[in-house]
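There's a structure below that I have some questions on.
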Protein chains: 2
Amino acid sequence: MFDFVDAYDRAYEIAAAQHDMTVAQACVLGRISKPRGMRDLADELRCDASNITQIVARLEARELIERHANPEDRRARQLIRTPAGDALNAAFERSFEFARNASATLTADEQNELALLLRKALGQPMVDG
Amino acid sequence: MFDFVDAYDRAYEIAAAQHDMTVAQACVLGRISKPRGMRDLADELRCDASNITQIVARLEARELIERHANPEDRRARQLIRTPAGDALNAAFERSFEFARNASATLTADEQNELALLLRKALGQPMVDG
DNA sequence: TATTGTTATACTCTATAACTATA
DNA sequence: TATAGTTATAGAGTATAACAATA
């Protein structure tokens, strides 16, 4: 189990590095498929809001995302991906083929069984298999 | 799969924090069950030797490990855990019950099946199940 | 010459605390 | 008063480069 998690984590880091991103940056970029606020993002990633400020600043400097004003709440910001951000995120996801490669060695039945066991071991339903 | 890996990583980090360690520190401490050199450790963790120097310095400051001279090669150091280091590592492992908790919700047959699938998905044998 | 380990330095992630602007 | 986000700051992980001691 440890080795599996380790391999997964490494694959994620390598894929991010291939696109000059850190794990944290790839993670944030991947979670802005729709416009959203920074507080929301900090809650989802269970980290302090000041982290998000910094990571967003780095992604913004590369023009991968933009911070727009929110007309409904003038304290808040709406994060959106630029077309370049969309493209880089898609490229990152193609690079991060760990899940696909891992699954490719299993039959369809085995993939279903694995998803089922992981879900049960986790004790709660996963968002997507 | 992502959620499973995420939960595993979080459990590891929380367990380390419960004993005032970072993930990197718990990882290094856990890998010195027998005396070993720093180059060896850096290779296993796939990081630069200078990282090991720093992490070891922090563990040594807490008297959890010691750096001994190696009579066979006077350039090298042998890292060993102190009794306090052994005790803390054991306590950490008890705290990191993710694997046990996760497995507890599975039957013995399911546990075997999961280990088998993960091994196959990983494409190489795991060191220990 | 090559290797082990250290030091200096720089970048990033992360959190805390203090702050501004808005609700 | 409470919340969204920023700024300043500090500790830790990480890598690179230069170095000393030894092989």
Side-chain angles (χ1 to χ4, degrees), chain A residues 6 9-10 12-32 35-62 64-80 92, chain B residues 6 9-10 12-32 35-62 64-80 92:
Chain A
D6 191 45
D9 287 339
R10 267 187 220 288
Y12 197 94
E13 186 177 353
I14 289 169
Q18 283 172 347
H19 301 285
D20 293 308
M21 288 191 288
T22 62
V23 166
Q25 288 164 13
C27 188
V28 164
L29 186 65
R31 283 161 192 267
I32 318 185
R36 66 188 302 189
M38 297 173 73
R39 172 78 266 158
D40 187 28
L41 199 49
D43 288 342
E44 183 171 315
L45 298 177
R46 302 188 214 185
C47 71
D48 193 83
S50 59
N51 292 342
I52 302 298
T53 297
Q54 291 211 56
I55 296 167
V56 160
R58 292 184 183 114
L59 292 172
E60 195 181 25
R62 289 177 62 186
L64 299 171
I65 64 178
E66 291 173 353
R67 291 179 310 167
H68 287 205
N70 181 344
E72 294 175 4
D73 183 340
R74 289 165 58 199
R75 296 171 303 180
R77 305 282 190 154
Q78 289 291 315
L79 300 176
I80 66 163
F92 163 76
Chain B
D6 191 46
D9 286 340
R10 268 186 220 289
Y12 198 94
E13 186 176 354
I14 289 170
Q18 284 172 347
H19 301 285
D20 294 307
M21 287 191 288
T22 64
V23 166
Q25 287 165 13
C27 189
V28 165
L29 186 65
R31 283 162 191 267
I32 319 184
R36 66 189 302 187
M38 297 172 73
R39 172 79 267 158
D40 187 30
L41 200 48
D43 289 342
E44 184 172 315
L45 299 177
R46 301 188 216 185
C47 71
D48 194 84
S50 58
N51 293 341
I52 302 297
T53 297
Q54 291 211 56
I55 296 167
V56 160
R58 293 186 180 111
L59 292 172
E60 195 181 25
R62 288 177 61 186
L64 299 172
I65 64 179
E66 291 172 354
R67 293 179 309 169
H68 287 206
N70 181 346
E72 294 174 5
D73 183 342
R74 288 165 57 199
R75 296 172 303 180
R77 305 283 191 154
Q78 289 292 313
L79 301 176
I80 66 163
F92 163 76

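Remember, it's a predicted structure, so these values are computed and weren't measured experimentally. In what follows, chains carry the letters A, B, and so on, assigned in the order in which the sequence lines appear, proteins first and then strands, with residues in each chain numbered from 1.
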Next on the checklist: Looking at every non-hydrogen atom in both residues, tell me the closest pair between A/Arg39 and A/Cys47 and how far apart they are.
Outcome noted: NH2-O, 4.5 Å
Checklist entry - Which whole-number value in Å describes the distance from A/Asp48 CG to D/dA12 P? => result 18 Å
Next on the checklist: Counting only heavy atoms and a strict 4.0 angstrom limit, can you tell me which residues of residues 35-44 of chain A come near DNA chain C?
Outcome noted: none
Checklist entry - So does A/Asn51 get a side-chain nitrogen or oxygen closer than 4.0 Å to the phosphate oxygens (OP1/OP2) of C/dA15? => result yes
Next on the checklist: Measuring only between side-chain heavy atoms, which start at C-beta, is A/Val23 closer than 4.5 Å to A/Asp9?
Outcome noted: no
Item to check | Smallest separation among heavy atoms of A/Leu29 and A/Leu59, with atom names | outcome: N-CD1, 4.1 Å
Next on the checklist: Let's see if you get this right: which residues in residues 13-29 of chain A place a heavy atom under 4.0 Å from DNA chain D?
Outcome noted: none
Checklist entry - Near DNA chain C, which residues from residues 55-62 of chain A have a heavy atom under 4.0 Å away? => result A/Ile55, A/Arg58
Next on the checklist: Would B/Gln25 and B/Leu64 count as a side chain to side chain contact (heavy atoms under 4.5 Å, CB included) here? Give the steps.
Outcome noted: CA-CA 10 Å; B/Gln25 287 165 13; B/Leu64 299 172; over 6 Å; no
Item to check | Nucleotide of D/dA8, C/dT7, C/dT4 approaching B/Ser50 most closely (side-chain heavy atoms) | outcome: C/dT7
Item to check | Residue B/Arg67, side-chain atoms from C-beta onward, closest of C/dT6, D/dT14, D/dG5 | outcome: C/dT6
Item to check | Test item: B/Ile55 and B/Thr22 side chains (from C-beta on) under 4.5 Å apart, heavy atoms | outcome: no
Item to check | Atom-pair distance (CD1 on A/Ile65; C1' on D/dG5), nearest Å | outcome: 14 Å
Item to check | No-H, no-angle donor-acceptor pair, A/Gln54 side chain to C/dT12 base, under 3.5 Å | outcome: no
Checklist entry - Which heavy atom of A/Phe92 sits nearest a heavy atom of A/Met21, and at what distance? => result CB-CE, 4.2 Å
Next on the checklist: Once you apply a heavy-atom cut-off of 4.0 Å, does B/Asn70 come out as touching a base, just sugar-phosphate, or nothing?
Outcome noted: nothing
Checklist entry - Can you tell me how far the CD1 atom of A/Ile52 sits from the CD atom of A/Glu44, to the nearest 0.5 Å? => result 9.5 Å
Checklist entry - Between B/Arg75 and D/dA23, is there a side-chain N or O to OP1/OP2 distance below 4.0 Å? => result no
Checklist outcome for this item: To the nearest 0.5 Å, atom CD1 of B/Ile14 lies from atom CD of B/Gln18 at 7.5 Å
Checklist entry - Run the side chain to side chain contact (heavy atoms under 4.5 Å, CB included) check on B/Arg62 and B/Asp20 step by step: do they pass? => result CA-CA 10 Å; B/Arg62 288 177 61 186; B/Asp20 294 307; 3.9 Å; yes
Checklist entry - For B/Leu79 and B/Arg67, what are the C-alpha separation, side-chain angles and deciding distance, and is it a side chain to side chain contact (heavy atoms under 4.5 Å, CB included)? => result CA-CA 5 Å; B/Leu79 301 176; B/Arg67 293 179 309 169; 3.5 Å; yes
Checklist entry - Does B/Arg36 reach the main-chain N or O of B/Arg31 with its side chain, forming a donor-acceptor pair under 3.5 Å? => result yes
Next on the checklist: Is B/Thr53 close enough to C/dT6 that one of its side-chain N or O atoms is under 4.0 Å from OP1 or OP2 there?
Outcome noted: yes
